[in-house]
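Just so we're on the same page: letters track the sequence lines, and every chain starts at 1.
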Protein chains: 2
Amino acid sequence: MSDRQHVTLEDVARTAEVSLATASRALNGTTRVRDDLRERVLSAAAELAYTPNAHAQALAGGSRRTVGVICHDISDPYFAAITRGVMRVADSHGLLVMLAGTFADPDRELACVSTLRAQRASAILLTGSAFEDRAWERRMAAELEPYRRGGGRVAVVTRHRSLKADTIAPDNRGGARALAEAMHRLGHRRFAVVTGPPQLTTVADRVAGFREGLAGAGVELSDRDVFAGSFDRDGGYDATRALLAAKHKATCVLAASDVMAVGAVSALRAAGLSVPEDVSVTGFDDVPLVRDFVPGLTTVSLPLERIGAEALELALDESGATGGRGRVRRLSGEVLVRESTAKPRRRRRG
Amino acid sequence: MSDRQHVTLEDVARTAEVSLATASRALNGTTRVRDDLRERVLSAAAELAYTPNAHAQALAGGSRRTVGVICHDISDPYFAAITRGVMRVADSHGLLVMLAGTFADPDRELACVSTLRAQRASAILLTGSAFEDRAWERRMAAELEPYRRGGGRVAVVTRHRSLKADTIAPDNRGGARALAEAMHRLGHRRFAVVTGPPQLTTVADRVAGFREGLAGAGVELSDRDVFAGSFDRDGGYDATRALLAAKHKATCVLAASDVMAVGAVSALRAAGLSVPEDVSVTGFDDVPLVRDFVPGLTTVSLPLERIGAEALELALDESGATGGRGRVRRLSGEVLVRESTAKPRRRRRG
DNA sequence: CTGTTAGCGCTTTCAA
DNA sequence: TTGAAAGCGCTAACAG
């Protein structure tokens with residue numbers, strides 16, 4: 001046994017008394033190798049507990065066995081579900097997932113791409129919302145372009161088309177519109193929106209959808225009906241507190257995500273209001289655990305795991321790669337009316 | 001501009017009209033470089049959108065800029081929270097997280113270690129429960145040992161001591177014992193346990209703790225009081241259905257995790273029982289979103305993000321590395337009695 | 001089918 | 001300080 005740090009292919013070859021090339025071939029199965037030699041190599045490798053150095057393999061032009069996933073925050077069930085879908089597909093392709101978290105910081109996101117680029121990930125998946133910011137978009141495009149030139153594949157979820165990448169596009173706007181319309185049909189006339197930072201395209205799309213749906217039904221949503229917080233549970237809680245403090249008369253609160261809705265419901269309860277008796281609340285996404293909430297959250301269901309899985313599949317599938325513009329796969333959400341929403345009461349507080 | 005795939009350091013050096021070595025030094029700041037040369041290198045790199053090839057860097061003995069995290073399922077909020085903690089620390093050290101999911105399959109877990117070893121991750125974190133299986137343990141130890149010899153660091157969460165790695169050990173047993181005792185003090189005398197596969201050490205420890213706590217109070221927990229399912233929401237649901245089908249007379253259901261408890265509550269409700277009026281239910285972990293459930297889930301709170309953060313910190317901190325046995329950092333959980341548990345009724349169903 | 005050899009892109013001695 | 005050159009461990013021609 002050597003006092004070297006790692007067992008290398010050379011050690012294996014020497015032990016098996018074959019050449020480096022033969023050892024490599026035996027291990028990778030690229031070319032046929034005489035059976036007894038292959039046996040010798042394999043047992044030598046096992047005996048020495050040999051593990052190939054992935055860096056050397058990658059450098060020698062062998063493989064690119066990793067994919068990068070960039071999300072805002074893995075502890076958000078939305079991203080967790082998407083990432084799970086990615087991991088399933090990655091696993092079935094023998095790929096390792098490198099996970100980068102941006103915590104919704106645009107600069108951090110750029111840095112993540114750069115890191116993943118350095119790692120020569122075979123694909124980069126941008127799963128988080130984009131930021132509505134021309135300068136940022138340009139910088140992102142500039143970061144992505146050389147990556148693509150080097151053979152890297154890019155897929156994005158809900159992003160601006162300007163990135164020209166393969167895109168999985170859940171219909172945030174349409175889903176929000178349909179949800180708002182459903183709430184209007186239920187009888188609601190006074191609405192408030194509890195939402196995240198408007199620079200996030202997902203947020204912007206959903207709010208735009210709410211606005212459209214209501215406008216179509218003749219209800220105007222003014223800026224004073226929109227309460228923004230961080231795009232998480234606490235943001236939903238805080239925004240709802242602000243709504244309460246403003247003595248807003250909404251009978252229905254449209255939250256920009258399930259997670260925000262959970263915060264909203266908690267804030268309403270803390271204020272002594274009950275859902276849906278006093279106020280109806282809706283979410284968006286239909287994330288796993290929230291399905292077991294009582295009252296069941298009315299929401300727009302998105303196939304999150306599938307979104308992750310398809311994003312990676314799209315990125316990995318070279319065949320249909322259009323020359324630059326990127327393919328777009330649209331997914332529609334389904335409005336799920338559950339118990340967190342009800343007909344508004346005749347009379348309300350205030 | 002070359003028609004090469006990637007911009008390399010050589011391109012940068014040529015553009016800046018310096019040697020490879022100087023370019024490298026200027027970029028890494030390892031040695032002093034004349035200011036004007038450094039400037040030239042930096043601007044050439046920027047101009048060419050140069051990104052170092054991490055594989056080449058790693059191979060040349062430069063850096064190990066990744067850590068591996070192995071978990072059962074990232075969409076489980078328990079692992080998501082731990083991973084978030086890991087990512088925070090990784091980020092502050094400039095490390096990239098490689099995430100591997102085992103879906104609680106022992107063989108898959110072994111394979112993950114091997115992959116991460118190949119990637120020369122600077123540390124491997126085993127965050128999922130171990131499996132109670134001597135043969136598996138031996139194989140895992142055999143996989144880890146050469147990794148360590150090559151300078152790799154290993155840290156584990158809730159594992160068997162036999163792995164001899166740095167360990168973050170939440171007190172599953174003690175927490176479970178305290179929780180069971182608290183439920184006994186509340187007045188419960190008939191208990192059932194809804195749990196995951198007993199081969200998982202976490203599960204085994206928690207069930208053992210429940211058993212101990214109850215035994216100390218004079219209540220025997222027999223095998224017929226324990227209902228096992230998969231260690232997730234559906235497992236909790238299914239196990240509770242089994243409990244119901246067996247007409248078990250428990251007034252208090254102890255679930256092995258919050259996520260299982262969520263499934264348990266849903267199953268009870270579906271059967272027309274209310275929590276806590278008809279049956280009390282407890283969880284374990286105190287995962288984020290479940291905190292907003294109504295009724296609030298009585299549980300044992302574990303600092304999940306901190307567990308992840310400390311696991312990586314421990315692994316990265318060479319200073320206190322004991323010569324082989326591994327350091328152990330114990331963390332105790334806190335019993336949180338909320339509204340999902342109540343005094344048992346005098347009379348019960350059946 | 002097997003062995004020899006030339007890199008992959010970078011860091012790091014070692015001289016200058 | 002700077003540059004030349006020797007690898008890091010592996011794969012993939014290219015000869016045999």
In whole Å, I'd like the distance from the [atom1] atom of [X] to the [atom2] atom of [N].
X         : N       : atom1 : atom2 : answer
Leu59(B)  : dC8(C)  : CG    : P     : 13 Å
Glu10(A)  : dG7(D)  : CD    : C1'   : 12 Å
Asn53(B)  : dC8(D)  : CG    : P     : 18 Å
His6(B)   : dC10(C) : NE2   : C1'   : 14 Å
Arg120(B) : dC10(C) : CZ    : P     : 20 Å
Glu39(A)  : dC1(C)  : CD    : P     : 15 Å
His55(A)  : dC10(D) : NE2   : C1'   : 13 Å
Arg14(A)  : dC10(D) : CZ    : P     : 12 Å

Salt bridge or not for [X] and [Y], using N-O below 4.0 Å?
X         : Y         : answer
Arg139(A) : Glu143(A) : no
Arg153(B) : Asp166(B) : yes
Arg88(A)  : Asp91(A)  : no

Do His72(B) and Phe103(B) pass the ring pair (Phe, Tyr, Trp, His ring centres under 6.0 Å) test, and can you show the C-alpha distance, the side-chain angles, and the key distance before you say yes or no? CA-CA 5 Å; His72(B) 289 345; Phe103(B) 296 91; 9.3 Å; no
Name the closest nucleotide to the Ser24(A) side chain, picking from dT12(C), dG9(C), dT11(D).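 Closest nucleotide to the Ser24(A) side chain: dT11(D).
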Quick check for you: among dC10(D), dT11(C), dG9(D), whose closest atom lies nearest to any side-chain atom of Asn28(B)?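 When the side chain of Asn28(B) is considered, dT11(C) is the closest of dC10(D), dT11(C), dG9(D).
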Measure all distances between protein nitrogen or oxygen atoms and nitrogen or oxygen atoms of nucleotides 2-6 of chain D, and list the pairs falling under 3.5 Å.
from: dT2(D); atom 1: OP2; to: Arg34(B); atom 2: N; distance (Å): 2.7
from: dG3(D); atom 1: OP2; to: Ser19(B); atom 2: N; distance (Å): 3.2
from: dG3(D); atom 1: OP2; to: Ser19(B); atom 2: OG; distance (Å): 3.1
from: dG3(D); atom 1: OP2; to: Thr22(B); atom 2: OG1; distance (Å): 2.5
from: dG3(D); atom 1: N7; to: Arg25(B); atom 2: NH2; distance (Å): 2.6
from: dG3(D); atom 1: O6; to: Arg25(B); atom 2: NH1; distance (Å): 3.4
from: dG3(D); atom 1: O6; to: Arg25(B); atom 2: NH2; distance (Å): 3.4

Identify which one of Thr127(B), Ile124(B), Leu125(B), Thr115(B) satisfies the side-chain contact (heavy atoms from CB on, under 4.5 Å) criterion when paired with Ile70(B).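 Among the candidates, only Ile124(B) passes.
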Distance from Cys71(B) atom SG to Met87(A) atom CE, nearest 0.5 Å?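 Output value for this atom pair is 5.5 Å.
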